[in-house]
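Accompanying notes for the structure given below.
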Amino acid sequence: MGTVYLILKTIVAVLSCVKSSALSSSQGNLVVRCNQSEKSALVKFREDCSNSMDRFSSWITEEDCCNWRGVMCSNQTGQWHVTMLDLRGHGPAENSQGDQVSDSLLDLPYLSYLDLSSNNFLQGQVPEFIGSLKNLEYLNLSNANFRGMIPDHLGNLSQLQYLDLSGNEYALRANKLDWLHGLSSLKVLELGGVDLSLVVNWLDAVNMLPSLVKLGFFACELNTLPLRLSAINFTQLQILDLSFNKFNSPMPYWLFNISQSLSVINFQRSQLRASIPDAFESMSYLTMFDLSDNYLAGEFPKTLGLIADDDNSTRPSLRELYLSNNQLKGSLPPGIAQLSELEVLDLASNSMDGVITEDFLNFSHLQVLVLSSNSFMVNISSDWTPPFDLDTIGLQSCQIGPDFPRWLQTQKDFVSIDISSNNISGIVPDWFWNISMKVEYMNLSSNNLGGKLPDFSSKLNLSVLDMSNNSFFGPLPHFSLSMMSLILAENMITGTISPICESLVVNNSLSYLDLSLNALSGSIPDCWTQGNNLVVLNLAYNNLSGMIPNSAGHLVHLKALILGKNALSGELPASLKYLTNLYVMDLGLNFLSGKIPEWIGENMGNLMILQLSYNEFDGNIPLQLCQLKDLKYFNLAGNSLSGKIPRCIDNFLTMAMVEADKSFIYDPYTVYRKALLNVLIRMNPVSSKFMVFDLAHNHLSGDIPGEITSLVGLTFLRLSNNNLTGEIPPDVGTMKLLEYLDLSRNSLSCSIPTSISLLHSLARFNLSYNNLSGKIPSGFPMASPDASSFIGNQHLCGLPLTEDCSKPLYNDFSCRIENKGLQDEVKNDGFEVTSFYFGLAAGFAVSFWAFWITLLLSRSCRYAYFQFLDKWSDKIYVMIAIKVARLRNKLA
């Protein structure tokens with residue numbers, strides 16, 4: 001490939017001057033004698049390193065140090081000196097460890113080449129004294145676990161041609177790059193993974209390197225990308241890698257001013273926006289162009305098809321083109337067919353369209369063809385013989401059906417194939433299963449393919465197999481130990497899952513298993529002891545029965561356990577408490593029984609989805625479940641749970657939006673999140689932003705805890721068909737993301753809170769069959785709420801019910817305390833309220849007896865009091881008589 005060739009060419013050029021005079025003692029008959037002081041410096045360096053006995057096994061003090069492994073000497077000024085130290089790590093046994101680099105290197109004054117890469121310096125800092133090694137031309141400290149600030153003293157290395165500080169686990173940083181000005185001879189600069197987010201003038205600093213051939217600033221947290229440069233000094237730049245940054249910018253215009261030298265341009269996942277400039281006609285040396293995973297829009301640049309090598313204008317130079325995962329539209333220009341040297345064409349996941357015929361695919365050197373997830377129509381004749389032999393075939397959603405593509409029969413060595421979602425029908429031809437013994441990835445999902453699956457046990461390279469959403473039938477096939485991901489969901493596979501046990505032996509690779517939505521039967525075999533690598537286990541929507549086996553507790557790396565919609569029974573085995581890495585536990589729609597174990601809350605602190613609905617669990621909801629602060633889907637509906645809803649639910653911090661929603665994408669299986677959402681949406685009609693709290697169809701009692709209104713991230717709340725009493729929490733209006741609210745078929749009382757009018761996202765709503773009273777609040781969030789949402793509440797009135805509110809409103813005695821602050825006092829501060837009533841009672845008693853004792857002791861007071869009563873009783877009698885007379889006259 002052109003990229004690799006240029007890198008090797010650059011490194012060879014750098015090293016040629018370093019090694020030109022280096023000789024070993026085995027060359028000719030020369031006897032090389034190591035300088036004693038330099039030898040002592042090397043011994044000191046060895047002593048400061050640990051865990052590297054293999055590396056220094058040849059460093060025997062009695063022997064000439066120029067013969068030691070990794071040491072090279074050359075004749076300088078008539079004497080032999082150490083000029084090269086190549087101590088890069090080649091595995092754990094050889095990796096040196098130490099928190100710092102020994103300053104004994106200062107006693108190697110002629111050192112021009114230093115490679116300490118792939119060692120472990122335990123997050124020590126890059127030593128400043130390296131800037132004093134004046135003769136250094138090559139310095140490689142990559143992947144060596146350094147941290148901290150890059151020392152400015154490196155700018156003193158005026159002869160340096162190669163500098164690599166990349167790959168130090170993103171722990172190195174720099175606030176400025178002014179020190180680069182002193183490296184005028186630098187040809188290769190690799191700072192990948194160094195935090196440069198605070199550097200504002202990084203491009204100006206790089207522009208002061210006139211000899212620069214390669215610039216590697218990938219994943220540097222860069223957030224500025226100047227579009228123009230007044231003058232360009234790095235005119236010899238051939239390789240530019242600015243991938244994995246955060247520019248949020250269009251492509252810079254200065255790229256096209258150095259077009260005569262650039263061979264490699266890489267802006268992958270750098271948040272580029274706008275359109276791709278159509279100005280590539282002068283980039284005659286461009287061999288690799290990567291703009292994948294950005295936000296680029298517009299059409300495919302037509303001038304990309306005009307790139308040609310100046311030395312031979314009939315031979316285009318572009319070999320690798322990556323434009324996947326953008327927002328490009330339109331069709332491919334005819335000129336792309338002129339890129340006869342093309343080896344990689346990746347346009348996946350755009351919005352491109354048009355018809356792709358054989359004329360567009362006349363690339364004799366093509367190895368990677370990925371057109372997936374566009375709106376292309378690949379229209380190729382059945383007898384076409386392609387001029388290429390592909391390694392990677394990516395034609396998802398390219399409308400290549402309904403017949404199985406026969407031209408694939410010519411592709412004998414593909415490693416990866418994806419022809420999913422193409423409406424291909426019929427039986428997969430026998431020749432396809434054995435056409436390539438090199439295949440590692442095979443995806444035929446979401447077609448109309450049928451037949452029995454073959455035996456895959458002989459395909460030792462096959463690691464990912466996805467045949468989901470087809471019509472394959474028959475028993476499960478056998479698989480090799482190298483299988484990592486097996487997805488056969490949504491087919492018609494029958495029988496038991498025992499063939500999986502044959503693959504779950506020592507040293508197996510299986511990490512993702514999805515057999516959901518089939519017709520598998522029998523029990524789940526107790527064979528999971530060797531399933532240490534499993535991350536996802538999905539056996540949902542089958543006919544499996546019996547108990548969950550105890551050996552499932554050995555799946556200690558499992559993140560998703562999905563066994564819903566089967567006929568499983570019995571209690572949850574205690575061994576499941578060892579699955580401490582679970583993010584998803586879905587055991588809903590079975591016949592599981594017993595109490596919900598407390599260890600779910602105590603041991604599974606990462607759980608985001610807990611789905612135990614429609615089983616036969618009983619008892620109270622364990623308070624320990626409140627420890628699951630990351631929950632975003634909580635469903636215990638359809639059981640026989642009793643007791644109260646725990647008030648500690650306000651500890652569900654993700655639902656409360658106190659903590660951020662964690663991702664549960666399991667790399668490299670990024671499709672899993674979408675698949676899981678689809679399963680959950682089938683079970684509950686919620687949006688893709690789901691946050692679910694569902695306790696419906698149980699025997700829960702008591703009030704709805706006010707703490708539930710702190711779960712402001714909820715989109716789905718269902719507490720229907722229980723025995724809940726009391727009022728609807730007045731602050732329900734704070735849950736502004738709610739789309740579904742069902743509190744029906746309980747014994748809730750009092751009025752509907754007026755704050756409910758603030759629930760503007762509400763789409764489905766049900767308060768029917770309760771004891772609610774009063775007027776239905778106006779300004780209801782739904783445009784026209786259905787009367788069925790309110791029926792069964794005898795004392796409700798107002799639209800959309802036919803009962804108007806002209807009659808006196810029902811006075812519910814249980815709702816006499818209307819002041820929310822007083823309610824909170826009754827609920828939370830019993831001592832203060834009780835003291836208040838004690839005081840009130842004491843005051844009443846004192847006043848009462850003071851009044852009556854006065855009457856008993858004073859005759860004059862008694863006469864005055866009874867005279868007062870007689871006077872007012874007469875007045876009251878006369879008033880009542882007049883009112884009754886008037887009422888009779890009206891009715892007469």
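Quick note: residue numbers are just sequence positions, from 1.
- For residues 551-627, the pairs satisfying disulfide (SG to SG under 2.5 Å) are Cys626-Cys648, with sequence neighbours left out.
- For Asn615 (side chain) and Phe617 (main-chain N/O), no donor-acceptor pair under 3.5 Å exists by modelled atom type.
- Between Asp514 and Val536, every side-chain heavy-atom pair lies at or beyond the 4.5 Å cut-off.
- With hydrogens and angles ignored, the 3.5 Å screen pairs a side-chain donor or acceptor of Asp786 with a backbone N or O of Ser788.
- In this structure, Leu653 CG and Leu711 CG are separated by 9.5 Å, a value rounded to the nearest 0.5 Å.
- Gln396 and Ser372 get closest at one heavy-atom pair: N-OG, 2.9 Å.
- One finds the NZ atom of Lys629 at 10.5 Å from the CE atom of Met608 (value rounded to the nearest 0.5 Å).
- When only modelled atom types and interatomic distance are considered, Ser551 and Asp526 share a side-chain donor-acceptor pair under 3.5 Å.
- In this structure, the side chains of Leu558 and Leu582 come closer than 4.5 Å at one or more pairs of heavy atoms.
- In this structure the side chain of Ile596 never reaches within 4.5 angstrom of the side chain of Asn639, judged on heavy atoms.
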Next item on the list: Walk me through it: do Lys565 and Leu517 pass the test side chain to side chain contact (heavy atoms under 4.5 Å, CB included)?
Entry: CA-CA 9 Å; Lys565 193 59 177 70; Leu517 292 151; over 6 Å; no

Item checked: CA sep, side-chain torsions, deciding dist, call: Leu717, Val732, side chain to side chain contact (heavy atoms under 4.5 Å, CB included) -> CA-CA 11 Å; Leu717 174 59; Val732 67; 5.8 Å; no

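- Environment of CZ in Arg269: sparse, with no more than 12 heavy atoms of neighbouring residues, nucleotides or ligands closer than 6.0 Å.
- The main-chain N or O of Asn566 is found under 3.5 Å from a side-chain atom of Asn590 such that the two form a donor-acceptor pair.
- Looking only at distances, a side-chain donor or acceptor of Asn793 sits under 3.5 Å from a matching main-chain atom of Asn770.
- Nearest heavy atoms, Thr654 versus Lys632: CG2-CB, 4.4 Å.
- The minimum heavy-atom distance linking Met735 with Ile708 is given by the pair CE-O, 3.5 Å.
- Considering only residues two or more places apart in sequence or on other chains, Glu602 meets the salt bridge (charged side-chain N to carboxylate O under 4.0 Å, His left out) condition with none of them.
- Sorted by first and then second residue, the pairs that involve residues 517-583 and meet disulfide (SG to SG under 2.5 Å), not counting sequence neighbours, are Cys501-Cys527.
- Asn518 pairs in a side chain to side chain contact (heavy atoms under 4.5 Å, CB included) with only one of the listed residues (Leu539, Ile497, Ile493), which is Ile493.
- Here the side chains of Glu221 and Tyr170 are not in contact, with every heavy-atom distance at 4.5 Å or above.
- Residue Arg718 forms a side-chain hydrogen bond (donor to acceptor under 3.5 Å, both in side chains) with just one option from Asp694, Asn635, Asn766, and that option is Asp694.
- In this structure the side chain of Leu587 never reaches within 4.5 angstrom of the side chain of Leu568, judged on heavy atoms.
- Across every non-hydrogen atom of Pro525 and Pro549, the tightest pair is O-CG, 3.7 Å.
- Contact of the Trp528 side chain with the Leu534 side chain is registered, since non-hydrogen atoms from C-beta on lie closer than 4.5 Å.
- Annotation for Gln794: atom CD does not count as buried by contact number, only 12 or fewer foreign heavy atoms lying within 6.0 Å.
- With a 4.5 Å cut-off on side-chain heavy atoms, Asn620 and Ser642 count as touching.
- Considering all non-hydrogen atoms of both residues, Ile609 and Leu631 come closest at N-CD2, 4.0 Å.
- In this structure, the separation between CG on Asp195 and SG on Cys220 is 8.5 Å, given to the nearest 0.5 Å.
- Of the possible donor and acceptor atoms, one in the side chain of Asn508 sits under 3.5 Å from a partner among the backbone N and O of Leu510.
- In this structure, the side chain of Asn651 does not engage the main chain of Ile649 through any donor-acceptor pair within 3.5 Å.
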Next item on the list: Go through the steps to decide whether Arg147 and Asn168 satisfy the test side-chain hydrogen bond (donor to acceptor under 3.5 Å, both in side chains), and finish with yes or no.
Entry: CA-CA 7 Å; Arg147 64 166 299 172; Asn168 281 288; over 6 Å; no

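- The distance from the OG atom of Ser593 to the CG atom of Asp618 is 7.5 Å, given to the nearest 0.5 Å.
- Contact record, Asn581 with His557: ND2-CA, 4.1 Å, taken as the closest heavy-atom pair.
- With hydrogens and angles ignored, the 3.5 Å screen pairs no side-chain donor or acceptor of Asn606 with any backbone N or O of Met604.
- A salt bridge does not link Arg764 with Glu739: every distance from a Lys NZ or Arg NE/NH1/NH2 to an Asp or Glu carboxylate oxygen is 4.0 Å or more.
- Taken to the nearest 0.5 Å, the CD atom of Glu803 stands 14.5 Å off from the CD1 atom of Ile791.
- Relative orientation of the Tyr740 and Phe716 rings is parallel, given thresholds of 30° and 60° on the angle between their planes.
- In terms of modelled atom types and a separation under 3.5 Å, the side chain of Ser292 and the main chain of Gln268 share no donor-acceptor contact.
- Ion pair Asp703/Arg647 flagged as a salt bridge, since at least one NZ, NE, NH1 or NH2 atom sits closer than 4.0 Å to an Asp/Glu carboxylate oxygen.
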Note to self: side chain to side chain contact (heavy atoms under 4.5 Å, CB included), that's the test. Do Phe247 and Leu222 meet it? Break it down for me.
What the structure shows: CA-CA 6 Å; Phe247 294 128; Leu222 292 170; 3.6 Å; yes

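- Under the 4.5 Å side-chain criterion, counting only non-hydrogen atoms from C-beta, Leu700 is in contact with Leu641.
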Notebook entry, point to check: Are Leu625 and Ile600 close enough, and set up right, to give a side chain to side chain contact (heavy atoms under 4.5 Å, CB included), and what steps lead you there?
Noted result: CA-CA 7 Å; Leu625 295 186; Ile600 291 179; 3.9 Å; yes

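- Asn248 contributes atom CG, which lies 11.5 Å from atom OG of Ser270 (distance to the nearest 0.5 angstrom).
- No donor-acceptor pair under 3.5 Å is formed between the side chain of Asn469 and the backbone N or O of Ser445.
- Here the side chain of Asn603 pairs no donor or acceptor atom with the backbone of Tyr578 at under 3.5 angstrom.
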